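Here the structure comes first, spelled out in structure tokens, and everything after it is commentary.
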Amino acid sequence: DAGVTQSPTHLIKTRGQHVTLRCSPISGHKSVSWYQQVLGQGPQFIFQYYEKEERGRGNFPDRFSARQFPNYSSELNVNALLLGDSALYLCASSASRQAFSYEQYFGPGTRLTVT
Amino acid sequence: AQSVAQPEDQVNVAEGNPLTVKCTYSVSGNPYLFWYVQYPNRGLQFLLKYITGDNLVKGSYGFEAEFNKSQTSFHLKKPSALVSDSALYFCAVTPGTYKYIFGTGTRLKVLA
């Protein structure tokens, strides 16, 4: 079975632009979470979605938004990009809505560079 | 505030020796604790978790971790380190909500 997939692998954008990152969870997983990992730091929680509904949101500005589709894939959107948005964006899927007690399976990430 | 601390940025150990990667946490209520490993240019891989029950948890690749409630610690251990264990290790905690809180990571270097 395929693991969590993310696209694109790498992305270079200019300040002020918009970006969309995509994630496909493991087959059968209905929960998708997004994380931002800045170089040298641990992942920071951005969103969790379950059954197409937002179940949780981290401390990120409204420039960050996401959605989950009927096939459980997900998109993360970031508007008005800032240099500080440069990071590895990780998507993780889980078998349960109760992601806190189930391990998460991470994709390889999308490396976003904002210039 | 809820947090996770990994006090060592890097741990060096000789191949064949036991290794320990430290993690302490601060959460309200009962914690759910996890260890993940990250190899270069890869996402995080699950190693093990503590939800409830036995304080000694066994996981993938021969790793284990000991939950110590009084010391609020969840140290990762392995009896005999391999060069291939060299990677970045993250401790994570959740207080029973959707939100994972990750530590800053510890780079493990196993020397041949």
Side-chain angles (χ1 to χ4, degrees), chain A residues 2-7 9-10 21 23-26 29-51 53-60 66 87-111, chain B residues 1-10 21 23-25 27-53 57-61 63 65 67 87-107:
Chain A
V4 177
T5 59
Q6 293 186 243
S7 63
T9 305
H10 295 89
L21 310 181
C23 170
S24 292
I26 289 173
H29 284 191
K30 299 180 180 179
S31 174
V32 170
S33 298
W34 286 96
Y35 293 84
Q36 181 195 65
Q37 186 179 15
V38 174
L39 197 61
Q41 297 183 20
Q44 298 290 315
F45 172 78
I46 309 175
F47 288 108
Q48 189 210 5
Y49 276 77
Y50 182 81
E51 290 278 18
E53 290 189 18
E54 181 183 308
R55 299 296 181 176
R57 185 185 182 111
N59 296 326
F60 280 80
L88 180 68
Y89 287 85
L90 296 166
C91 172
S93 75
S94 176
S96 169
R97 171 183 177 179
Q98 294 178 308
F100 56 84
S101 59
Y102 284 76
E103 56 268 30
Q104 296 188 76
Y105 294 85
F106 285 80
T110 293
R111 174 74 62 188
Chain B
Q2 299 175 110
S3 63
V4 174
Q6 293 182 243
E8 301 153 318
D9 289 336
Q10 181 160 321
V21 182
C23 172
T24 58
Y25 65 90
V27 296
S28 54
N30 293 321
Y32 298 81
L33 295 153
F34 300 80
W35 275 101
Y36 286 83
V37 60
Q38 187 175 33
Y39 296 98
N41 301 314
R42 302 280 295 276
L44 279 69
Q45 295 178 31
F46 169 77
L47 280 179
L48 50 80
K49 67 181 178 183
Y50 171 83
I51 303 299
T52 187
V57 178
K58 294 191 183 296
S60 307
Y61 313 118
F63 284 93
F67 170 64
L88 189 56
Y89 290 80
F90 289 98
C91 179
V93 65
T94 172
T97 68
Y98 52 85
K99 185 177 178 180
Y100 270 54
I101 303 166
F102 281 87
T104 52
T106 298
R107 188 164 300 282

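Note that the coordinates shown come from a computational prediction; the quantities given were computed from them, not determined experimentally. Every chain is numbered from 1, with letters handed out A, B, ... down the list of sequences.
Heavy-atom distances place the side chain of Gln37(A), and not its backbone, under 4.5 Å from chain B. At a 4.5 Å heavy-atom cutoff, the contact between Arg57(A) and chain B is made by backbone atoms alone. Looking at Phe47(A), there are no atoms closer than 4.5 Å to chain B (heavy atoms on both sides), in backbone or side chain. For a residue to count as touching a neighbouring chain, one of its non-hydrogen atoms must lie under 4.5 Å from one of that chain's; by this rule Gln6(B) does not touch chain A.
Here the shortest heavy-atom pairing between Pro43(A) and Leu44(B) reads CG-CD2, 4.1 Å. Closest approach of Phe45(A) to Tyr100(B), counting heavy atoms only: CB-O, 3.9 Å.
Within 6.0 Å of OH on Tyr39(B) lie more than 12 heavy atoms contributed by other residues, nucleotides or ligands.
Legend: salt bridge (Lys or Arg N to Asp or Glu O under 4.0 Å) pairs involving residues 30-44 of chain A, not counting sequence neighbours, sorted by first then second residue: Lys30(A)-Glu51(A).
For the pair Tyr36(B)/Glu103(A), a side-chain contact is recorded, criterion being any heavy-atom separation below 4.5 Å from C-beta on.
Qualifying side chain to side chain donor-acceptor pair (under 3.5 Å) partners for Gln44(A), counting only residues two or more places apart in sequence or in other chains: none.
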